[in-house]
Structures are given as C-alpha cells and as structure tokens.
Asks: 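My structure is below; once you've seen it, I'll send some questions.
All heavy atoms count here, side chains included; hydrogens, waters and symmetry mates do not. Proteins come first, then strands; the chains are lettered A, B, ... in the order of their sequence lines, and each starts at number 1.
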Amino acid sequence: MHPAGAAAAGTLRQPSKRRVPVSQPGMADPHQLFDDTSSAQSRGYGAQRAPGGLGYPTASASPQAAFLGDPVSNMAMAYGSSLAAQGKELVDKNIDRFIPVTKLKYYFAVDTVYVGKKLGLLFFPYLHQDWEVQYQQDTPVAPRFDVNAPDLYIPAMAFITYVLVAGLALGTQDRFSPDLLGLQASSALAWLTLEVLAILLSLYLVTVNTDLTTIDLVAFLGYKYVGMIGGVLMGLLFGKMGYYLVLGWCCVSIFVFMIRTLRLKILAEAAAEGIPVRGARNQLRMYLTMAVAAAQPLLMYWLTFHLVR
Amino acid sequence: MAFTLYSLLQAALLCVNAIAVLHEERFLKNIGWGTDQGIGGFGEEPGIKSQLMNLIRSVRTVMRVPLIIVNSIAIILLLLFG
C-alpha cells in the first residue's frame, strides 16, 4: 500500500500491513480462476474455493491454483462434480420411491404432550370422541399437531422396550442368554412384517381406495407393543393373575382403538356418518377391519405368554 | 419360538417360487384361473377372483428373472453354509 507511510505511522499499521499481503494472494486466486478460464462451470467452483482460500497460506494456494488453472482439468472436475450431483439426485429419487425417506421425519415429530395423550388413548380409548385426522394434502400430518395422527416414535420405543422387558422376564426365570434377545427381536419383527404383508395383500384384493400408507400401517400395528409391555411387567410383579388381567384389558383397548381408527381409513365413505351400509363391498371391508383388529390381541398373547410363568 | 426374519425370507422365497411354477395350461385353465379367462368388462370394480388372477399373472411376469438370481444365490449359500 504505502510502505513509507506505514513505517512512519508506527506499529498500529504494521499488523494490518502484514495481514494484507497474506490475504491478498488468497483472495486473488479465486478471482484469477474467474478471469483465467472465463467459463460458466468454473464460477461455482471458484466461489466454493473462495471462503477456503482466504485462510490458506500462500504456499499451498499457488500449486493448487496452478493445477486448477489448467482448463482441461478444471472442466473435468466440474463435469465430475455435476455427474456426482446427478447421480446423487437419481439415487435419492429412486430410494424415495421404495422407502419414502422424506416422509419418515414427519412420523418422528412428536412432543411430550402428544406421547402422553397417545399412551392414554392406547390404554383407555373409550371416551375419545373425534378420531378423524385433520386432513392435510400431500405431506403426512406431524403428530405434534393432532393426537389422532399415527407416529413411529411410540412403536419404535415400545418395540425396543419389549425386547428389553422380555430379556428381563427371561432373566428372572433363569432362562436368559444374550442370543435370546436377538431371537425375541427377530421374532417380533417377523410377525410385524407378516402382518403388514397380509394386510397389504388383503387391501389389494378387496380394492379399497384408502389413503392408508405402508408407514401408517406399520405405525398402527406397532401400537400393540405398548399393551404387551404392560402385561409382561404386571406379570413380573403380580404373577399370572396380574398378567392375564392387564393383558385382557390392553387387548380390549387395542381392539377398540384399531376398530375406531381403521374404520375411518378403510370404510371411509360409510363410516363418516356412522351408518352401517348394507352391501357386499362394505361388508367385506367391515370383515377386513374386524379381522385386522382381532389379530392384535391374538398376537399380543402369542408374543408374551411364554415370558410369564 | 423359532420364527425369525430368516425363516420369513425362506418362506417368502418358497411361496414366490410356487407361484412362478404354476402351469398355465394344465392347471390354471382347469380351475378357471387362466390369464385369458379373466377380465370382465369395464365394471365398477374387479372382484376378488380377478384381482387374485391379476396378482398371480403379474407376479409370474415380474419375478421370473429376479427369481433366477435369488434362487441361485440361495443354492450357493445353502451349499456353502448348510
């Protein structure tokens, strides 16, 4: 700048004078990239390097600048990065077709109030009046906003707790070994998968036009683990009588819960008014709903009875 | 309680194999489930039987080549690991 003036001014100018030569080559390099190649693709790359280039000392910046100043390798790098971006977009789109990853985050958007209310509903659904979810167009309703919306947090937590409680129950009977935990988890997951596949198959066969997605179905079917945990814990504390009482209560609650929830999804047109409409199609749908709801207590008993002695 | 995910996979593979080996002429036509016997008109909705026939036909069409691959993998794994 003005070396003579800076030297005359004193020490305050000197750090700034020392700092400027360091940063100037760093700042100049991206601009040199802009001016050298003057192609549209290098501009984005140059802008990306600018924040990093500011902090770099001059020694490492210049060989990189010399390497990237070559137009061919610059273009090759830009092509490679655009190809990578396209590939990433393609993979994301295809994965989104099979497993809707972007929608999954809505199912985990819960808060404490929702979890409390939902657990209360699972154990005592008899007083709840309005089971309809406030309709939202293409994204799933975040459970934080509506207590009737399905979530995946409770089923996931309940599943893991079920596996741990099963391990605890087996341990109190001296039947525990670590691989049994994996066996319990695998067995419960296999039953869940089988249930989901069976329900999807029967929904396809009965040609139900429903907005029940697969993730919704997994969420609804996962709610029975809560009752199972309650039953097994009571069985641990109070023996077989406690187990049967609590499991019976939870079975009836889950039955009512599932019927009231699925009625709105599967029997959409008829259930809105609450009038049982006669007709082969609606009767078939009603049977399907009852079958799905009746399978829940059966599975709850089947997955827990061997844990309580 | 030996119902694991692996046994579910095995059962699914066996079921899909079973659907794939159904013989059109000798079997399905004899019970009225052939692919050319189905489809009614443009009715309101297909019944369960035609949905099932559609499902069988689509499974057979779609899963022929993947089944070859999956069966080969299963054979190799069973030979290696018993």
Asks: May I ask you to test the B/L52-A/Y204 pair for a side-chain heavy-atom distance under 4.5 Å?
Replies: no
Asks: Which answer fits A/L197, side chain, backbone, both or neither, if we ask what part of it has an atom under 4.5 Å from a heavy atom of chain B?
Replies: neither
Asks: Heavy-atom cut-off 4.5 Å, strictly under: side chain, backbone, both or neither for B/L55 against chain A?
Replies: both
Asks: How long is the span from the CZ atom in B/F3 to the CG atom in A/L183, to the nearest 0.5 Å?
Replies: 11.5 Å
Asks: State, to 0.1 Å, how close A/A190 and B/L8 come at their nearest heavy-atom pair, and which atoms those are.
Replies: O-CD2, 3.6 Å
Asks: Within a radius of less than 6.0 Å around OH of A/Y153, do more than 12 heavy atoms belonging to other residues, nucleotides or ligands occur?
Replies: no
Asks: Using a 3.5 Å distance criterion without hydrogens, assess whether the side chain of A/S186 forms a donor-acceptor pair with backbone atoms of B/L5.
Replies: yes
Asks: Under 3.5 Å, is there a donor-acceptor pair between the side chain of B/Q51 and the main chain of A/V206?
Replies: no
Asks: Return yes when atom CE of A/M290 has more than 12 non-hydrogen atoms of other residues, nucleotides or ligands closer than 6.0 Å, and no otherwise.
Replies: no
Asks: If you count every heavy atom of other residues, nucleotides or ligands that lies below 6.0 Å from A/F176 atom CZ, does the total exceed 12?
Replies: yes
